[in-house]
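Below is one structure, written out as structure tokens; the observations come after it.
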Amino acid sequence: MAGYDALAEVYEWLISDAKLAPAEFAASFDDVLSLLPSNAHVLDCSCGTGQLAVGLAGLGIQVVATDASEAMVRRTAELAEEFGASVRTVRADWEELPDHFDDATFDMVFCVGNSLHHAVGARGRVAALESMSRLLRRGGRLVLTSRTWELVRARGSRLDVSDRLVRRNGRDAVVVYRWEIAPLWEEEHHIEIAVAQVDAARSVLVRSELLSCWPYRYDELEVELRRVGLRMEMSTFNPEAENYMVVAGKA
């Protein structure tokens, strides 16, 4: 699993303006949230800095937030306290989830923010999906978002520098992505993400992290979801779009 401990301190610069507020982040999933029963229990198993988890709790949903990064879990707890939201936080990677929760605990599991590619290869990805599936009640749903890796690989190794400053907490920053695309799909790829903050005195503070990832094709994801007992109910996949969402139900 990737770290994100360094990026946790500047992660809000990586979140779009439209999803920075917890309520707005949760509202972006209104269609799938309408499928929840009353008194729903929801797990956000790649919670990042907590915008989604806190937004869901603000809707009266019982929420647990987990992440492999201790720093991300801490920031989620801080955001929940700031908003007065009731969110249980646990540091756990995907394969550790069954150690913390009983099977069939949740009505919905979120794995969003393009997180699944950090699972190590096809074996690690299936193990992660199996853990998520185990925790879902019968009729429950997994909501997953992903980069369109077919597009990412087609563009090759490169440096992407944001064409505008991003303002957060009164500070401006430039966000830079450096992509190392391996020759073969199944090989380890790398993304280095850097946030260069500029203050009023024009001094620059850079925080960066080199992250490992293992990309996958959309059709591979479909097969792996079926393998762990999940049936695709909805998908926004478009080979020309940067990202997509899938909703898979547990039969």
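Predicted model only: the values in this text are computed from it and were never measured.
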Please determine whether a side-chain nitrogen of the Lys or Arg among [X] and [Y] lies less than 4.0 Å from a carboxylate oxygen of the Asp or Glu.
X      : Y      : result
Lys250 : Glu233 : no
Asp17  : Arg168 : yes
Arg147 : Glu242 : no
Glu130 : Arg134 : no
Glu82  : Arg75  : no
Glu180 : Arg178 : yes

Is there a path of hydrophobic side-chain contacts, each under 4.5 Å between heavy atoms of I/L/V/M/F/W/Y residues, joining [Y] to [X]?
X      : Y      : answer
Leu225 : Val143 : no
Tyr177 : Val10  : yes
Leu129 : Tyr216 : yes
Val64  : Leu52  : no
Val73  : Leu79  : no

Flag yes if more than 12 heavy atoms outside [X] fall under 6.0 Å of its [atom1] atom; otherwise flag no.
X      : atom1 : value
Arg227 : CZ    : no
Arg123 : CZ    : no
Asp219 : CG    : yes
Glu192 : CD    : yes

Whether [X] side chain and [Y] backbone form a donor-acceptor pair below 3.5 Å:
X      : Y      : value
Arg207 : Ala196 : no
Ser133 : Gly229 : no
Ser208 : Ala194 : no
Thr148 : Leu151 : no

Between atom [atom1] of [X] and atom [atom2] of [Y], what is the distance when rounded to the nearest 0.5 Å?
X      : Y      : atom1 : atom2 : result
Cys45  : Phe110 : SG    : CZ    : 10.5 Å
Leu230 : Glu222 : CG    : CD    : 12.5 Å
Leu116 : Arg125 : CG    : CZ    : 6.5 Å
Asp172 : Gln197 : CG    : CD    : 10.0 Å
Ser212 : Leu210 : OG    : CG    : 6.5 Å
Phe25  : Thr49  : CZ    : OG1   : 8.5 Å

| request: Report yes or no: is the cationic atom of Arg155 (NZ for Lys, CZ for Arg) closer than 6.0 Å to the six-membered ring centre of Trp179, at no more than 45° off its axis? | output: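 No cation-pi geometry.
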| message | Aromatic contact between Trp149 and His117, with the criterion being ring centroids under 6.0 Å apart: yes or no? | response |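 Between His117 and Trp149, which both carry aromatic rings, the centre distance is below 6.0 Å.
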Determine all donor-acceptor pairs shorter than 3.5 Å in which one atom belongs to a side chain in residues 29-43; sequence neighbours excluded.
| residue | atom | partner | partner atom | Å |
| --- | --- | --- | --- | --- |
| Ser34 | OG | Asp31 | O | 2.6 |
| His41 | ND1 | Asn39 | O | 3.4 |
| His41 | NE2 | Gln62 | OE1 | 3.2 |

Which pair of heavy atoms, one from [X] and one from [Y], lies closest together, and at what distance?
X      : Y      : answer
Leu20  : Gln51  : O-CG, 3.2 Å
Ala26  : Gly55  : CB-C, 3.6 Å
Val126 : Glu224 : CG2-CG, 3.7 Å
Glu186 : Trp214 : O-CD1, 3.8 Å
Pro98  : Glu95  : CD-O, 3.5 Å
Met132 : Cys111 : CE-SG, 3.7 Å

| request: Scan His118, Glu9, Glu70, Glu209 and name whichever one has a side chain to side chain donor-acceptor pair (under 3.5 Å) with Tyr4. | output: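 Checked His118, Glu9, Glu70, Glu209 against Tyr4; only one passes side chain to side chain donor-acceptor pair (under 3.5 Å): His118.
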Min side-chain heavy-atom separation [X]-[Y] under 4.5 Å:
X      : Y      : answer
Arg91  : Met72  : no
Arg137 : Phe106 : no
Val174 : Val161 : yes

| said: Between Glu78 and Arg74, does the salt bridge (Lys or Arg N to Asp or Glu O under 4.0 Å) criterion hold? Intermediate values first, please. | reply: CA-CA 6 Å; Glu78 291 171 351; Arg74 172 182 53 79; 3.2 Å; yes
| field | Any donor-acceptor N or O pair under 3.5 Å, side chains His189, Glu187 | value |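 No, Glu187 and His189 have no side-chain donor paired with an acceptor closer than 3.5 Å.
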| query | Under 3.5 Å, is there a donor-acceptor pair between the Ser146 and Asn114 side chains? | reply |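 Not at all, the side chains of Ser146 and Asn114 share no donor-acceptor pair under 3.5 Å.
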| request: Scan for ring pair (Phe, Tyr, Trp, His ring centres under 6.0 Å) pairs involving residues 219-251, sequence neighbours excluded, and state none if there are none. | output: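 Ring pair (Phe, Tyr, Trp, His ring centres under 6.0 Å) check on residues 219-251 returns Tyr218-Phe237, Tyr218-Tyr244, Phe237-Tyr244.
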